[in-house]
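Report on one structure; see the data block that follows.
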Amino acid sequence: MEFELPEGRRSAVPIGSGEMFAVAQSTGVRNVAAYFTTRTGPLISRLAVPLARTLARAGTLGPPRAGRQGAGGEGAGQGPARASSTIWVEATNRHGAGAAGWVQGYGTETTAVIALELAQRLAASRLSGFRTSGQVLGAEFTLGLPGLKLTDI
């Protein structure tokens with residue numbers, strides 16, 4: 001597939017993602033998919049995603065783990081650079097009506113803020129059982145995070 005994002009047209013390949021399970025659980029929408037977008041063509045992307053997943057599982061791709069030296073040089077050991085993420089969202093109901101847009105933010109930074117808020121709320125609550133972050137925090141919390149932007153098209 002191809003998506004028109006704020007930074008331009010991108011090829012995309014479907015990927016597995018735990019977030020899609022969480023979306024289905026918290027919204028009741030069962031047909032949810034995730035795609036990895038790239039500037040490369042679809043064939044290279046389709047080959048690269050499984051390779052990247054294998055390298056990440058082997059520990060050779062991704063942020064340095066404790067006790068392992070990362071790439072040296074300027075800024076080494078100061079943590080990851082702030083990287084922007086764009087998430088394309090499209091929904092269609094059974095009658096064919098739909099909406100589309102994208103969410104832009106700072107992936108791991110946003111995840112850390114959400115995780116901290118979840119920990120604080122869960123420590124102060126008596127909740128038990130399975131809950132997604134969306135069920136605990138609600139859409140208002142996430143969409144109100146600084147630096148997060150939702151664009152409807």
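All residue numbers refer to positions in the sequence shown, counting from 1. All values below were derived from every heavy atom in this structure, side-chain atoms included, with hydrogens, water molecules and symmetry-related copies excluded. Please read all numbers here as calculations on a predicted model, not as lab measurements.
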Residue pairs meeting salt bridge (Lys or Arg N to Asp or Glu O under 4.0 Å), one or both in residues 8-17, sequence neighbours left out, come to Glu2-Arg9, Glu4-Arg9
With sequence neighbours left out, what residues match [X] under side-chain contact (heavy atoms from CB on, under 4.5 Å)?
X: Thr132; value: Ala22, Gln25, Ser26, Phe130, Gln135
X: Arg126; value: none
X: Ser128; value: none
X: Glu140; value: none

Residues Leu148 and Leu143: closest non-hydrogen pair is CD2-CA, 4.1 Å
Residues at least two apart in sequence or cross-chain that pass side chain to side chain donor-acceptor pair (under 3.5 Å) with Arg121, listed by chain then number, are Glu117
Checking Val136, Leu118, Ile114 against Phe141 for side chain to side chain contact (heavy atoms under 4.5 Å, CB included), the one that qualifies is Ile114
